[in-house]
Amino acid sequence: MLDGRWVADHLDEARKGLARRSPETSALLDAAGPLFERRRELIGKTEALQARRNAANEEMSKLAKGGDKATFAARRDELKELSGQIKTLEDELGKVEREVEERLLSIPNLPHATTPDGQSSDDNPVQRTWGEQPSYDFEPKPHWEIGAALGILDFERASKLSGARFSVLWGMGARLERALVAFMLDLHTREHGYTEVYPPFMVKAAALRGTGQLPKFEADLFKTFRNDPEDPDALYLIPTAEVPVTNLHADEILEGDQLPLAYTAYTPCFRSEAGSYGKDVRGLIRQHQFDKVEVVRFVPPEQGAQQLELLTGHAEKVLQRLGLHYRVVALCAGDLGFSSVKTYDLEVWLPSQNAYREISSCSWFTDYQARRAKIRFRAEPKGKPRLVHTLNGSGLAVGRTLVAILEQFQQEDGSVIVPEALRAFMGTDRLSAR
RNA sequence: GGAGGAGUGGCCGAGUGGUCUAAGGCAGCGGUUUUGAAAACCGCCGUACCCGUGAGGGUACCAGGGGUUCGAAUCCCUUCUCCUCCGCCA
């Protein structure tokens, strides 16, 4: 979340920044100024009375020992009155603070100066393109046809088990999924310096609040409960490893010389995607459950911008090693994720759709997540704690990588060439129907 | 799931209603001493927020929330976490 104090002091600047996302967004600030003033005022009043009570307590302590019952009783009655006033003020202050907090939690981050203007994904400028767009002297098939013909992809049985938007991988399909996870984790740990993490796949609401999924995006999540759907301790299935991995350091003060911290994690991801029905109804592109290898970095604020380039490069390396043609776009302000100030999407080429499709999203959150999750560090051993900057990116979405491999490396006879980098894991250089 | 026990500052640990601003120790930082080091001694040593240009002042926080009281780390209720034993179990 944004710094409430900064927002109160820079309302115009904040409003301008949010307006780059959308006009409605900047309206979220309208009540912020007066509310913050009210908070200040209440803190002043409350603390003044609390100070009086503290002073009186000392006196009461002496009176209690002195044995002057009458004076004691008189003072006690006065103080009862004071305590009542304090209680009222504290309750009021609590209400205002909760309201400030609630509002701040639903205000998105301010787009970075280098984030391009624009309203939708159509306005995202292409930064660079890697590799040659492959050409085929036959009509390239969609991955679900290729997968069905190879006997490795099964949506009918998945539907029997779990309904729409689930999939079953068979045989070499399942193995390819596993190979991709292992390949990606190996690359990031051995060559890019990431520490591998295996986190829980279910988290508390606090973790989701820390990274920004809650309170605004509850509808996109799967929530679990035992008896009571409103149970405040109910757990959610993670929509991305970003959530458990970023929150690993919630409520911590890190030492400056530990930074940057770099973690990579494989997890399944669970998304309800309530708003997206009708899109990508066929195939593996949009599923309620999918695998992803994520990379997450905790860095000093000064390094945020350069670390985004570094992290994006690490995600790109996966595609490069696999030989998959892709491009990089910069998300425009209107298309930017809630917590991000700047995001690069990697888009892989899908010949059957004659389009580039998102396979990774690499974002810089400045101190927005760190403030929510209270992730701080000391630049100097004795220095004041400061908020870190967090970044993360998919490295990569595994299911979509599998899709890209099937589609880009498909052959006219229905077989699929296995990329060099995966052959040791797969034990073969080609997937064929038998 | 059942029965017990526990949750204090980076760590250990004292503290069961009023010198409250949490004893003491360890670790850490600064200094004295020393040719240097160790040891010893002295000092410092949490976080957030509010007021103040500043020096500084104030408030809150002893797992979380609520309550009793003039006053709570200390009593009561509740949630969570951890430990021990029993049951079940990949």
Side-chain angles (χ1 to χ4, degrees), chain A residues 1-9 32-105 198 200-210 224-228 230-236 244 247-258 367 370-388:
Chain A
M1 78 191 141
L2 301 177
D3 178 358
R5 192 167 182 161
W6 183 89
V7 171
D9 292 343
L35 195 60
F36 209 84
E37 271 321 303
R38 173 99 181 106
R39 171 177 171 274
R40 251 179 211 178
E41 193 186 311
L42 279 168
I43 287 174
K45 280 188 189 165
T46 309
E47 291 191 351
L49 293 195
Q50 286 170 331
R52 258 174 63 194
R53 181 179 61 188
N54 287 345
N57 283 345
E58 204 165 335
E59 180 194 346
M60 288 299 280
S61 170
K62 285 177 190 141
L63 282 175
K65 284 179 188 151
D68 182 350
K69 292 244 166 66
T71 315
F72 183 89
R75 274 305 267 158
R76 189 187 56 205
D77 292 343
E78 283 172 43
L79 289 174
K80 190 168 188 130
E81 165 86 22
L82 177 64
S83 280
Q85 290 171 9
I86 291 174
K87 181 86 175 73
T88 307
L89 281 171
E90 283 175 342
D91 289 349
E92 180 64 18
L93 178 59
K95 250 172 64 189
V96 171
E97 298 226 283
R98 273 192 297 278
E99 199 177 333
V100 167
E101 175 90 355
E102 191 187 321
R103 275 170 197 277
L104 284 173
L105 282 175
Y198 184 85
F201 301 158
M202 298 165 86
V203 295
K204 302 176 187 178
L208 290 151
R209 219 173 292 125
T224 71
F225 58 89
R226 295 187 176 92
N227 299 309
D228 173 15
E230 300 305 320
D231 180 358
D233 296 320
L235 296 175
Y236 294 81
N247 281 286
L248 241 23
H249 292 302
D251 299 311
E252 290 185 17
I253 301 175
L254 304 164
E255 289 306 324
D257 57 17
Q258 291 178 265
D367 59 13
R371 184 172 294 106
R372 289 173 162 244
K374 298 192 178 62
I375 309 169
R376 292 168 294 172
F377 79 108
R378 267 183 241 279
E380 306 294 329
K382 283 278 161 188
K384 261 191 99 64
R386 300 168 60 198
L387 295 166
V388 302

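Just so it is clear: chains get the letters A, B, ... in the order the sequence lines come, proteins before strands, and each one is counted from 1.
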Which nucleotide sits closest to the side chain of [X]: [options]?
X	options	value
A:R39	B:U47, B:A60, B:C50	B:C50
A:R40	B:G67, B:C51, B:C49	B:C51
A:R376	B:C80, B:U47, B:C70	B:U47
A:F36	B:C70, B:C50, B:U47	B:C50
A:P385	B:G18, B:C50, B:A48	B:A48

Practice item. With RNA chain B as reference, determine whether A:K204 or A:N57 sits nearer its 5' end, using the nearest nucleotide of each. Key: A:N57
Practice item. Please figure out whether A:L79 or A:T46 has its closest RNA chain B nucleotide nearer the 5' end. Key: A:T46
Exercise for review: Give the intermediate values and the outcome of salt bridge (charged side-chain N to carboxylate O under 4.0 Å, His left out) for residues A:E101 and A:R98.
Suggested key: CA-CA 5 Å; A:E101 175 90 355; A:R98 273 192 297 278; over 6 Å; no
Could you state the atom-to-atom distance from [atom1] of [X] to [atom2] of [N] in whole Å?
X	N	atom1	atom2	result
A:K45	B:A60	NZ	C1'	19 Å
A:E47	B:A48	CD	P	15 Å
A:L93	B:C49	CG	C1'	10 Å
A:E255	B:C29	CD	P	11 Å
A:D77	B:U69	CG	P	13 Å
A:K384	B:G46	NZ	P	11 Å
A:R5	B:C49	CZ	P	8 Å
A:R378	B:A48	CZ	P	8 Å

Practice item. Determine the contact category for A:Q50: base if any of its heavy atoms lies under 4.0 Å from a base atom, sugar-phosphate if only primed atoms, P, OP1 or OP2 are that close, otherwise nothing. Key: sugar-phosphate
Review point. Does A:T224 reach the main-chain N or O of A:L235 with its side chain, forming a donor-acceptor pair under 3.5 Å?
Key: yes
OP1 or OP2 of [N] sitting under 4.0 Å from any side-chain N/O of [X]?
X	N	value
A:N54	B:U59	yes
A:S83	B:G71	yes
A:K87	B:G67	yes

Whole-angstrom distance between [N] and [M], as gauged at atom [atom1]:
N	M	atom1	answer
B:G9	B:A63	C1'	14 Å
B:U34	B:A40	C1'	12 Å
B:G25	B:U81	P	36 Å

**Study point:** A:R75 NZ/CZ over A:F72 ring centroid, <6.0 Å and within 45° of normal
**Key:** no
